[in-house]
There are 2 protein chains.
Amino acid sequence: MAELDSAQNSLWKLFLTVHARLVEQVEQDFKQAGLPPFEWYDMLIALKQAPDQKLRLSDLAEVLLVNRTNVTRLADRLEKTGLIRREVCQFDRRGAYAVLTQAGLEMQQKMWTVYAESIAQYFSRHLTQKDEITFTRAFSAMLAALDEESV
Amino acid sequence: MAELDSAQNSLWKLFLTVHARLVEQVEQDFKQAGLPPFEWYDMLIALKQAPDQKLRLSDLAEVLLVNRTNVTRLADRLEKTGLIRREVCQFDRRGAYAVLTQAGLEMQQKMWTVYAESIAQYFSRHLTQKDEITFTRAFSAMLAALDEESV
DNA sequence: TTGTAATTATTGCACTTGCAACCAGACAGT
DNA sequence: ACTGTCTGGTTGCAAGTGCAATAATTACAA
């Protein structure tokens, strides 16, 4: 039974606040540039980095931290605008791939120019190299603990 | 025009991932304990800490980082279950207060026992005191920069 | 004072989300 | 092959979200 002092509680609140404000700001930057919302980028970049630029929907769900239902819907939206297309899976005929299209690749690049600038300006600019090490270590420890627990 | 190297990009992704996983976990803990969702706690604690346990809806929106529309709806839900009640504002007859009820106070306390344990276990446990100082400084700088910009 | 602008809260609408139910295909044991 | 179970993806439904429009009140300036 861990204890929680008031400084730790404040830091947790600060963490939530910073996340909310940063994400809000990034979303506004996308919108202002006439670009699609946040989550679209995640799917595009995940596909871009995958072999053959394609991934099973269930794998996408895991990577994007979104449940299957919403991956289906997100894929619907990107497919409707031509940024990805679906492809049946040979090895498992239940399954579907999402495949990055040329238009999808171009959209990813366009979004990245906006996104990179936002991340740098709102987030990275305020971190020294030492900070980055501290953050990485602490965040990794949190994730590792969550993963162990669920085993 | 700030530059963004790949380590910084990874850290940003890590930041988003950690936030998503932690919030997901906290929400599950609430649900498993048969308690209302996350956002309800924020409103309850905000009211508890306010003078006379009441706040204008617009002030709540600012504190909770939620737009006015959704504060109205969130207040609807808490009012329907008796955790808050609305009160007309004397000084500005357009306005409404949200007032914490006795049931609301008790709910806040019940949720806190679960919440405090979750924060400690998933978040604070992985931070040394030095980490806490680093986090606080960096996060505060990010917020300050956002606030300055909008002036 | 009077008219215009700004502010507070709410509502209608379109869209997104999560849960549970569902279907088709895979898989394992008999 | 036959049966029951599991898995991948989709869909219906109920609920939550953001945007734009609205009504009521206040603030202010000519």
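Throughout, protein chains are lettered first and strands after them, A, B, ... in sequence-line order, and every chain is numbered starting at 1.
Spacing between atom CD of Glu24(B) and atom P of dC19(C) amounts to 10 Å, rounded to whole angstrom units. We find that CG of Leu74(B) is positioned 10 Å from C1' of dG16(D), with the value rounded to whole Å. Summarising the geometry, the separation between CG on Leu64(B) and P on dT17(D) is reported as 12 Å, rounded to the nearest angstrom. Protein atom CD of Glu79(B) is 13 Å distant from nucleotide atom P of dA9(C), rounded to whole Å. To the nearest angstrom, C1' of dT17(C) lies 12 Å from CD of Glu39(B). Computed from coordinates, the Asn67(A) CG to dG16(D) P distance equals 16 Å when rounded to whole Å. Taking atom NZ on Lys80(B) and atom P on dT10(C), their separation rounds to 13 Å, with Å as the unit. Rounded to whole Å, the distance from CZ on Arg86(B) to C1' on dT8(C) is 12 Å.
The nearest pair of heavy atoms linking Ala46(A) to Val63(A) is CB-CG1, 4.3 Å. Val18(B) and Met142(A) make their closest contact through CG1-SD, 4.0 Å (heavy atoms, listed as atom of the first residue, atom of the second, distance). Here the closest heavy-atom approach between residue Phe30(B) and residue Pro36(B) is recorded as CB-O, 3.8 Å. Nearest heavy atoms, Met111(A) versus Leu35(A): CA-CD1, 3.9 Å.
One cannot find a donor-acceptor pair under 3.5 Å joining the base of dT16(C) and the side-chain atoms of Arg73(A).
Phosphate contact (OP1/OP2 of dG8(D), side-chain N/O of Arg68(A), threshold under 4.0 Å): present. Between Thr69(B) and dT17(D), a side-chain N or O to OP1/OP2 separation shorter than 4.0 Å is absent. The side chain of Thr72(A) places an N or O atom within less than 4.0 Å of a non-bridging phosphate oxygen (OP1 or OP2) of dT10(D). Put simply, Lys31(B) has a side-chain N or O that comes within less than 4.0 Å of OP1 or OP2 on dC19(C).
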Derivation and outcome, side chain to side chain contact (heavy atoms under 4.5 Å, CB included), residues Leu47(B) and Val99(B) = CA-CA 7 Å; Leu47(B) 293 177; Val99(B) 190; over 6 Å; no
I would like to know whether Asp42(B) and Lys13(A) meet salt bridge (Lys or Arg N to Asp or Glu O under 4.0 Å); could you show each step before the answer?
-> CA-CA 10 Å; Asp42(B) 280 351; Lys13(A) 279 198 288 192; over 6 Å; no
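A heavy atom lying under 4.0 Å from DNA chain D marks none of the residues of residues 52-63 of chain B.
Taking the side chain of Arg94(A) as heavy atoms from C-beta on, and the options dA9(C), dT7(D), dC19(C), the nearest nucleotide is dT7(D). Side-chain proximity of Arg93(A) to the nucleotides dG12(D), dG25(C), dT11(C) is greatest for dG25(C).
Residues Gln90(A) and Val66(A) each lie close to DNA chain C; by heavy-atom proximity, the contact nearer the 5' end of the strand is made by Val66(A). For the pair Pro37(A) and Asp92(B), nearest-nucleotide mapping onto DNA chain C gives the more 5' position to Asp92(B).
Partners of Asp131(A) by salt bridge (charged side-chain N to carboxylate O under 4.0 Å, His left out), not counting sequence neighbours, listed by chain and number: Arg137(B).
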